[in-house]
Amino acid sequence: MTGLYILVRYLTFPGAIMKGFWQQVVCRICKVPVEDNRYLRNDEMCGNIEHEFMPKARGAFALCFVPAFMNALLCTLLIVVPEIVLLFGIGGIPLKVLSAVSLWFGISLYLNSYPLIEDAINMMSKVYKEGNILQKIFYAPAAALLYIGAYLERYNITLLAVVAGAVALAVLF
């Protein structure tokens, strides 16, 4: 499974690089040391940076949530906006090529949204063991989605979801 995971990360390198960048930004804001900031590697850390665990629930949640949110936001903009332009019939062949590149970039962002399993486990333990009641209530829905998504991404099930979503978009437009 690791070989397929690494292959998908290299094929979707823009998303892997963006996810690593957002993780590094969160680590810098939270003042957590980064041990290895190579984004593309030949192991299970491909698309991630190696860092120490976050000491507080807020930081652990931010490390998992911010990269996923930013990649999802950029993914939505890169997939939806060109498709809307094409829907209204503006452009020609160059715009269709731009739309295809934008679709690949958006898919790569989505495929690299979720955190590592270790980060998700750390987030869940910090939030539910050390967080106050408001943090538990506020973080619970997103933390559960990120935790489940971490396992789905690790076994490349998100790849199947993206292919299904791309087919659905093609049928709709």
Quiz prompt | Euclidean distance, Leu146 CG relative to Phe69 CZ, rounded to 0.5 Å | solution = 12.0 Å
Quiz prompt | Tyr114 and Leu152: CA distance, side-chain angles, deciding distance, side chain to side chain contact (heavy atoms under 4.5 Å, CB included) verdict | solution = CA-CA 9 Å; Tyr114 295 106; Leu152 294 177; 5.8 Å; no
Practice problem: Flag yes if Ile29 and Val26 sit in one hydrophobic cluster, no otherwise; membership is Ile, Leu, Val, Met, Phe, Trp, Tyr, and two members link when side-chain heavy atoms are under 4.5 Å apart. | Solution: yes
Quiz item: Quick one: does Asn71's side chain have a donor or acceptor within less than 3.5 Å of a partner on Asn112's backbone?
Solution: yes
Self-check item: Phe138 atom CZ: more than 12 heavy-atom contacts under 6.0 Å
Solution: no
Quiz prompt | Pairwise distance CZ(Phe13) to CG(Leu40) - rounded to 0.5 angstrom | solution = 8.5 Å
Quiz prompt | Heavy-atom closest pair, residues Pro55 and Glu130 | solution = O-OE1, 3.8 Å
Exercise. Could you check if a side-chain atom of Lys19 sits within less than 4.5 angstrom of a side-chain atom of Leu111, using non-hydrogen atoms only?
Key: no
Self-check item: Minimum-distance pair of heavy atoms, taken over all atoms of Cys75 and Tyr110
Solution: SG-CB, 3.8 Å
Self-check item: Over all atoms of both residues, closest heavy-atom pair of Cys30 and Gly59
Solution: SG-CA, 4.0 Å
Self-check item: Distance (rounded to the nearest 0.5 Å) between Asn156 CG and Arg154 CZ
Solution: 8.0 Å
Quiz prompt | Shared hydrophobic cluster for Leu116 and Leu145 (ILVMFWY, side-chain gaps under 4.5 Å) | solution = no
Exercise. Indicate yes or no: at least one non-hydrogen side-chain atom of Leu109 is less than 4.5 angstrom from one of Met70.
Key: no
Quiz prompt | Donor + acceptor pair across side chains of Gln24, Tyr39 (<3.5 Å) | solution = yes
Quiz prompt | Residue pairs, two or more places apart or on separate chains, that pass side-chain hydrogen bond (donor to acceptor under 3.5 Å, both in side chains) and touch residues 136-151 | solution = none
Quiz prompt | For the student: nearest non-hydrogen atoms of Ile49 and Cys27, plus distance | solution = CD1-SG, 4.1 Å
Quiz item: OG1/Thr12 to CG/Leu7 distance, rounded to the nearest 0.5 angstrom?
Solution: 9.0 Å
Quiz item: In Å, rounded to the nearest 0.5 Å, how long is the span from OH of Tyr128 to CD of Gln135?
Solution: 11.0 Å
Quiz prompt | Exercise: identify the closest heavy-atom pair between Gln23 and Gly47 | solution = OE1-O, 4.4 Å
Quiz item: Where do Asp119 and Phe53 land on the side chain to side chain contact (heavy atoms under 4.5 Å, CB included) test, with the steps shown first?
Solution: CA-CA 7 Å; Asp119 289 336; Phe53 282 127; 3.9 Å; yes
Quiz item: Without hydrogens or angle criteria, can the side chains of Asn42 and Tyr10 be said to hold a donor-acceptor pair below 3.5 Å?
Solution: yes
Exercise. Look at atom CZ of Arg41 and say whether more than 12 heavy atoms of other residues, nucleotides or ligands are closer to it than 6.0 Å.
Key: yes
Quiz prompt | Verdict with reasoning, Arg28 to Val34, per side chain to side chain contact (heavy atoms under 4.5 Å, CB included) | solution = CA-CA 8 Å; Arg28 190 169 290 224; Val34 173; over 6 Å; no
Quiz prompt | Side-chain touch Leu63/Met123, heavy atoms, less than 4.5 angstrom | solution = no
Quiz item: Trp104 and Pro14: which non-hydrogen atoms are nearest, and at how many Å?
Solution: CH2-CG, 3.4 Å
Exercise. Just do the side chain to side chain contact (heavy atoms under 4.5 Å, CB included) check on Glu52 and Glu35 with the steps written out, would you?
Key: CA-CA 7 Å; Glu52 292 183 9; Glu35 296 170 10; 3.4 Å; yes
Self-check item: CD-CD1 distance between Glu153 and Ile117, expressed to the nearest 0.5 angstrom
Solution: 9.5 Å
Quiz item: Should Arg9 and Glu44 count as an ion pair when the cut-off is N to O under 4.0 Å?
Solution: no
